[in-house]
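Because the structure is a prediction, the values reported are computed rather than measured. So you know, we letter chains A, B, ... as the sequences are listed, proteins then strands, and number each from 1.
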Amino acid sequence: MVYKIDAEHDRQYIGEFRERPIGAHSPGLQRVLNIIRNDPSGYQIVLICRKPFAEWVLGTMPPNRLDGPIVIEDEPVFLSREEAEWEVFRRRWRKYTGEDINTPFRD
Amino acid sequence: MLKIVGYPDRYSVAAGEKIAFKISLEEGTHFDARLVRVIHGDCNPEGPGLKFRHIKSEADGRYKGKPQRIDAGSYMSVEGFPALAAGAFTFFAMIWPTVPKRAGQTLIAQWDAKTESGFRIELTDGGQLAVTLADASGPTGELRSGRAMLERQWYAIAVSIDPAAGMVTLDQRPVQPYSRITDRAHASARLAVAPDLVEQPLLMAGCPERDGTIGRHFDGKIDGPLILSGVHSPDRQDGYRRPVIDPSLLQHIIARWDFSRDIRTTRILDVGPSQYHGRIVHLPARGMKGWNWTGEEHSWTRKPEEYGAIHFHSDDVYDAGWETSVEFSIPADLKSGAYALHVKSGESDRKATREEYIAFFVRPPRERKARTNRPEILVLASTASYIAYANHGEHITARGAERQMARLLQFGHTDLYMYDHPELGGSLYDCHADGSGVCYSSRLRPNLNFSPQYHSWLGGHGSGLYQYNADTHLYDWLDHQGVDYDLITDEDLHTDGYELLRDYRVVVTGTHPEYHSTPMWDAMKAWIDRGGRLMYMGGNGWYWRIAYHDELPGVIEVRRAEDGIRTWAAEPGEYYHSFTGEYGGLWRRIGRAPNVICGVGFIAQGFDVSSYYRRAPDANNPRAKFIFKDVPDEIIGNFGLIGGGAAGIELDCIATNLGSFPNMLRLASSEDHNSMMMLANEEFTIVPPNLGGDQNERVRADLAFGETPAGGAIFATSSIAWCGSLSHNGYDNNVSRICWNVLQRFADPEPFKAAF
């Protein structure tokens, strides 16, 4: 049985991810990420780079490219990849646990 | 979105020769072009930034442009075929549909697109065998079998058309029937339409469309198609499938195409009396096992009669066939190296990129006698690998890529263009629309990730470069150091062999020289064995065996055979190249592991962040003294544009059991990799619980050096990320210094002493 995200138990990894969205993670955080990064619906959140190394927004790719275009969001605009990772993590956390994470990427 | 794309007609050109570029504009009517030397294609603000040097040439100027499109999809064409509907005929074939649910898939047609008349035998409506007859006056008639065929199952199909009587008969019979599956079908009807006699080529797996393209492609295999005069019972097909055909049956044959003949070519042989030979377009897969494959032989060369299938794909592409937009002669005094045609159709903004650098290389003269006073150093540009990765689209098609990359998948304007244009064709990592692996890849089409400025979704955090653009880190360093060098491509090496290498003392590779043909491998080995000095500046080199086509330029083949990190796996029995008949797959599987060439071999991969090397005891060996001149550091490469370190993406290590020279020195090894840097799967037989670098001591890159008996030497960095560290701190760092020390010594004619 695949591990089920448990807000009570996995909340401890939120801070770790916020601190370092890209790079080495603890086994517990890696397990959370491996699970939430998979969307069985086939829809895929992607990072749209509008200005190299300067500006990104999010997009959603359908399961098959013949199903339609990537839907690109106008906002929010991210000034780093890490900031975008944090936003996507927050959305997925909400999807899996129903809880909001209200902390911004950086204080 | 990218608004201008294109490709050159060759990747390698000598000074004085012509090169042509095919450009497509998504908007506007004109574009500007200029020739540039490519120095550094990485715009990461943490690095030296983009560097291109304009070269004045005939290319400079403003050109007319227009949209150009690719008519993808493979098919077979028989020109000069008589109008078949002049009399009654029967079509027999064995087919293996792979996307039976898609409508309108032509098996065979003789169709006039302008008048929309003729006949089509096809798969439609969920996988039913069907016939469409049409005459130019408008009416059409159609008969369907009434039952759908299953995906990836063999069927004997029989279709008889008697225009005079208006009778059509269809029959589909599974080779393997299943309980409770009703896919056997027979239908017969009188259709009130007599097909026109159309003087058009006979096509299989495609049908002419009104817009001049070939459409209605079939996805799947066809084996042993034949056309008989007259109406014949479906049961008769078995008689034509026997090794020796009853003479009484032979007299009915109009055409009988044997796909097991001339497999290495694009020719299709009609073994019937009239010799209506055909040709295949856009390279459908050959050397494919047929309906009668027994498994007794796995090579089509040894039992061709069991390899009579061709696998057609609706998205096969060999040659985009675009019109030439710019053509010019390379200046006679142009130095060998990396170049690009910079094309620009306007200013770029957040929504669109209106420029492209279309890469190519200038090689030394073709004639050896013209190669006088050349540099000692030769760079080998990994064009086979660039073609293998052409339009690598797993970020679009493969779910799970984000998990593998351990971060969000980045789409730049180029990726958005790739998303919208599947007709560009995939890389050797992609799958066709029907799920089968792409085993051929050509350079005669836009290769979007073979371009400066392209930032790859799998290129490591930071610059995110992979393959060609990552190699510009090396070009930049060579330029900064003032190194005089020549450059050849993989294709040059394949064609010219050892003779092209023999006059150079040092060969420097790019970051990921992964794909090699047998002539390339043999030439490199011969050169090393004769005293060559190889600087292997990357990771996971000499991994996959490929084949080039005998007749078609610029296309390679891979068979993802039984081992290695593969994004798809070849079907059992389909491990042999159709281009050469050689056994494909990993070089390691035929006893030529990478270690035999470069002293190290692939061990692990991970695509997020990189790590550093720690000096090993062999660094203090007197034989390695020259390498560590002015490098007292314990830690090497704890910086860099690719993942923040010199050891990353794909790593190699010394393994004498696989062919690493027993005298290799392990100068340094990387450490502190995270859990996403995982052991390569050919490295274990039982899946271990500790695949990641945080738990597996075998996950490491070995910086390595060893002399060869002929006075040459090998230096291996063993990491794709290595070159991303060269420019750190204004090029003053221990990675750069080590490379400089090695390059200087390797260029010195003094032979290395054999260590044994």
Does any backbone or side-chain atom of B/His673 lie under 4.5 Å from a heavy atom of chain A? Answer side chain, backbone, both or neither. neither
Given B/Val609, B/Thr397, B/Asp608, B/Leu409, the one with more heavy-atom pairs under 4.5 angstrom with chain A than any other is B/Leu409
Interface residues of residues 12-30 of chain A facing chain B - non-hydrogen atoms under 4.5 Å apart: A/Ile22, A/Gly23, A/Ala24, A/Gln30
Best-contacting candidate, A/Asn64, A/Ile48, A/Leu58, against chain B by heavy atom pairs under 4.5 angstrom: A/Ile48
When rounded to the nearest 0.5 angstrom, what distance separates CG in A/Asn34 from CD in B/Glu402? 10.5 Å
B/Phe411 versus A/Cys49: any side-chain heavy-atom pair under 4.5 Å? no
Flag the pair B/Glu697 and B/Arg700 as a salt bridge only when some basic side-chain nitrogen lies within less than 4.0 angstrom of an acidic carboxylate oxygen. no
Check whether the side chains of B/Glu355 and B/Ser348 place a donor and an acceptor atom closer than 3.5 Å, and report yes or no. no
Between B/Asp694, B/Leu408, B/Asn44, which shows the greatest number of heavy-atom pairs under 4.5 Å with chain A? B/Leu408
Which residues in residues 76-98 of chain A have any heavy atom lying under 4.5 Å from a heavy atom of chain B? A/Arg81, A/Glu82, A/Ala84, A/Glu85, A/Val88, A/Arg92
When the 4.5 angstrom heavy-atom criterion is applied to A/Asp39 and chain B, the contacting part is neither
In terms of heavy-atom proximity below 4.5 Å to chain B, should A/Ile72 be classed as side chain, backbone, both, or neither? side chain
Is the OH atom of A/Tyr3 crowded by more than 12 outside heavy atoms at less than 6.0 Å? yes
Anything under 30° is parallel, anything over 60° is perpendicular, the rest tilted; go ahead and classify B/Tyr429 against B/His392. tilted
Under 4.5 Å between any side-chain heavy atoms of B/Ser436 and B/Thr98, yes or no? no
Verify the neighbour count for atom CD of B/Glu347: are there more than 12 heavy atoms of other residues, nucleotides or ligands below 6.0 Å? no
CD on A/Gln44 to CD1 on A/Ile70, rounded to 0.5 Å: 10.0 Å
Once you round to the nearest 0.5 Å, how far does NZ of A/Lys4 lie from CG of A/Asp10? 12.5 Å
Taking atom types as modelled, find out whether B/Asp219 and B/His432 have a side-chain donor-acceptor pair closer than 3.5 angstrom. no
Let me know if A/Pro40 has heavy atoms under 4.5 Å from chain B in its side chain, its backbone, both or neither. neither
For the CG atom of B/Leu2 and the CE atom of B/Met418, what is their distance to the nearest 0.5 Å? 9.5 Å
Would you say B/Val38 and B/Tyr357 make side-chain contact, with heavy atoms under 4.5 Å? no
Against chain A, label B/Asp415 side chain, backbone, both or neither, depending on which of its atoms sit under 4.5 Å from a heavy atom there. neither
In terms of heavy-atom pairs under 4.5 Å with chain A, the winner among B/Gly400, B/Pro422, B/Ala352 is B/Pro422
Could you tell me the separation between the NE2 atom of B/His413 and the NE2 atom of B/His455, rounded to the nearest 0.5 Å? 12.5 Å
